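Naming: A, B, ... by sequence-line order, numbering from 1 per chain. As the structure is a prediction and not an experimental result, all values here were calculated from the model.
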2 protein chains.
Amino acid sequence: MEHPQRQTILQTPSLKEAVEVIKQGISRHRTVIIAGKCTVDYDGRASSKLESGERLVIFKPDGSALVHRPKDYSPVNWQPSGSIFHTKLVQDGLVIRVFRRKEKESMVIAFTELQMVSVMDLKDNVEFTLYASEKEMQEAILYKPDLLESGFRPMTKEMAVDPGFIDIIGYDATGTLTVVEIKRVKANKKAVEQLKKYMDVIDLDENRPVRAILVAPDITGDALELLLELGYEFKALTPQNCSEVLKQKKGKPLTAFFNP
Amino acid sequence: MEHPQRQTILQTPSLKEAVEVIKQGISRHRTVIIAGKCTVDYDGRASSKLESGERLVIFKPDGSALVHRPKDYSPVNWQPSGSIFHTKLVQDGLVIRVFRRKEKESMVIAFTELQMVSVMDLKDNVEFTLYASEKEMQEAILYKPDLLESGFRPMTKEMAVDPGFIDIIGYDATGTLTVVEIKRVKANKKAVEQLKKYMDVIDLDENRPVRAILVAPDITGDALELLLELGYEFKALTPQNCSEVLKQKKGKPLTAFFNP
DNA sequence: TAATAAATGTCGTTT
DNA sequence: AAACGACGTTTATTA
């Protein structure tokens, strides 16, 4: 055989057939996929009960476990990585207990019928890259401040103030101190309130005019109302806009943008 | 055959063998599970790129799709239910496009090698019940107000005020108006700020003393500091406590608690 | 549809 | 370990 067998697949196995395959798969740090009729009980931060039905259950080598029903994006039950699995064949069925000692959480899956048991050795070590995050919008404005407005000069990024971090502080074309808050999705009232919290601190520290600009692809009606009431400003900018700008950048470090 | 074949499992199939099975599985509203080497590109609210590696990919009958790496609880890429799947065999491999027209989102999965293709008809219609939610904590306090403090009399639940909904409003033993905010996990500063927003409205509307009580299993140091600064109070109460109380309730409607 | 808050949120980062 | 904020948050609820 050219390719050594890197997966074991059992179709409608008996519980007895399955138990050793599952145990070995878990102990050898494989990804174990089980489809079958089961109940699931969870107890920890909350507690839950799921009566018998057919589900897809996944145990990963890092100790994460997922129970998926045939609908919905999110698992009905789960435990995050770092959990410990115990597999046992009992009178009633094949029981897999998932523990997290630290969090005092447990999830118990009891199978009565199996449609499939699959054990695989998935090799996957490449990087995952997410583009057009809020950080990237920030980078884009620092790289090309005209994106915000003509003549804007960034001074600091992520300045620490009491309530948190101000995304960008700089001076506008007339030399007025300007606080910039960036959101990558439509801005709501919460975003304006966050900006206000920063402004409260800035206004307290300095005794001179300060502008506040909220940058986002869009803004809700309520948020715009509050924004204008507070005398702040809105600048429409999408992650895609920023992504385009960053394509020109290519590897210049962020520190390069803070030269005189 | 006693049990009609309710699943199709292909082990290390060729892309050509797999494509028809996948297409049929999707069109017949089955759960389709694919393990294999693939790349994943996402474009929508953000965009992402995942280079070639071995992953577990799930397509559900409701139009949700998940891409799982061999680590982590959360999928590396996904689309929620209501998405549309397009499967196509091209020169480079087996490509499955997942669309959400409304959200202008797409995820493209391109397989070059397959370890497994499994198509199942999972029957799962029972209810899932989760205990010890915030709503249950609220119900417990309404059922047995002494849980909050002796002599407390609830007046309304979920009173609508401008910022949102106040969990419980009532009168304490001395007849002072009392606002109750409930959190099912350790309360942080954000919870106190939320309570403050409610109090700002209440204090504005009424010109008399008002108490504010934050109910949670625990509270962070910063949050407690802010809470006391504002003159509010903290009452420790766990979801488990409340769950115990509710076991005595057994089906009495909530409205039954608002009698003179 | 928009806004608002809960979630077994999870995840990363900083203190 | 604790606290805090971001997330392609998702999900439910309500105006």
Dot-bracket for DNA chain D, please, read 5' to 3', with Watson-Crick or G-U wobble pairs under 3.5 Å on both distances, ( ) within the strand, [ ] crossing, | other strand, . unpaired. |||||||.|||||||
Hey, does A:N77 reach any base, or is it just sugar-phosphate, or nothing, if we go heavy atoms under 4.0 Å? base
Taking the side chain as C-beta and beyond, is there a heavy-atom pair between A:I213 and A:L148 under 4.5 Å? yes
Between D:dT14 (C1') and B:K135 (NZ): distance, integer Å: 11 Å
5'-most contact on DNA chain C: B:I182 or A:I219, nearest heavy atom basis? A:I219
Measure CZ/A:R100 against C1'/C:dT10 and give the value in whole Å, please. 10 Å
Both B:G221 and B:M107 contact DNA chain D. Which one's nearest nucleotide lies toward the 5' end? B:G221
Would A:E103 and A:R45 count as a salt bridge (charged side-chain N to carboxylate O under 4.0 Å, His left out) if you check the C-alpha gap in whole Å, the side-chain angles of each, and the deciding distance to 0.1 Å? CA-CA 8 Å; A:E103 302 281 344; A:R45 286 163 291 177; 5.2 Å; no
A:R184 side chain: which of C:dT8, D:dC7, C:dA5 is closest? D:dC7
Mind checking if B:E105 touches a base, just sugar-phosphate, or nothing, with heavy atoms under 4.0 Å? base
Base, sugar-phosphate, or nothing for B:E181, non-hydrogen atoms under 4.0 angstrom? sugar-phosphate
Quick test of your reading: applying ring-ring contact (aromatic ring centres under 6.0 Å, His included), list the pairs with at least one residue in residues 40-82 of chain B, sequence neighbours left out, ordered by first then second residue. A:Y73-B:W78, A:W78-B:Y73, B:F59-B:F85
Rounded to the nearest angstrom, tell me the gap between atom CD in B:Q79 and atom P in D:dT11. 12 Å
Side-chain donor-acceptor contact under 3.5 Å, A:E139 with A:Y143: no
Out of C:dT8, D:dA3, D:dT14, whichever nucleotide has its closest atom nearest the side chain of B:F128: C:dT8
Using the aromatic ring of B:F165 (for Trp, its six-membered ring), decide whether it stacks on the base of C:dA5 within the limits of 5.5 Å and 30°. no
Between C:dA6, C:dT8, D:dG8, spot the one nearest the side chain of B:W78, thanks. D:dG8
Do A:F128 and B:R69 have side chains that get closer than 4.5 Å, going by heavy atoms? yes
When the P atoms of D:dC4 and C:dT8 are compared, how many Å lie between them, rounded to an integer? 22 Å
Which of the following nucleotides, C:dA3, D:dA6, D:dG8, is nearest to the side chain of A:L130? D:dG8
Taking side chain as C-beta onward, heavy atoms only, is B:V67 less than 4.5 Å from B:P75? no
Nucleotide of C:dC11, D:dC4, C:dT8 approaching B:K189 most closely (side-chain heavy atoms): D:dC4
Within the 4.0 Å heavy-atom criterion, would you say A:S47 contacts the bases, only the backbone, or no part of the nucleic acid? nothing
Expressed in angstrom and rounded to an integer, what is the separation of A:Y42 atom OH from C:dA7 atom P? 12 Å
What nucleic acid atoms does A:Y73 come within less than 4.0 Å of, heavy atoms only: base, sugar-phosphate, or nothing? sugar-phosphate
B:Q138 CD to C:dA5 C1': how many Å, rounded? 13 Å
Options D:dG8, C:dC11, D:dA2, nucleotide nearest the side-chain atoms of B:S74: C:dC11
Spacing between A:K183 atom NZ and C:dA3 atom P, to the nearest angstrom: 16 Å
Students often get this wrong, so: under 4.0 angstrom with heavy atoms, is B:D222 touching a base, only sugar-phosphate, or nothing? sugar-phosphate
Check this one for me: any side-chain N or O of A:Q194 less than 4.0 Å away from OP1 or OP2 of D:dA6? yes
Specify the separation, in whole Å, of atom NZ of B:K71 and atom P of C:dG12. 7 Å
Among the nucleotides D:dG8, C:dT10, D:dC4, whichever has the atom closest to the side chain of B:T220 is D:dC4
Can you see if the side chain of A:R45 gets near the phosphate of C:dG9 - specifically, an N or O under 4.0 Å from OP1 or OP2? yes
Of A:N188 and B:K102, whose closest DNA chain C nucleotide lies nearer the 5' terminus? B:K102
In whole Å, what separates the C1' atom of D:dG8 from that of C:dT14? 25 Å
So what does B:K190 hit on the nucleic acid, given a heavy-atom distance under 4.0 Å: a base, only sugar-phosphate, or nothing? nothing
Can you name the nearest heavy-atom pair linking B:F152 to B:P145, along with the distance? O-CB, 3.1 Å
So, B:S48 and B:N77: side-chain donor and acceptor under 3.5 Å apart, yes or no? yes
Side-chain donor-acceptor contact under 3.5 Å, B:S64 with B:D62: yes
Euclidean distance, atom CG of residue A:L224 to atom C1' of C:dA3 [Å, nearest integer]: 15 Å
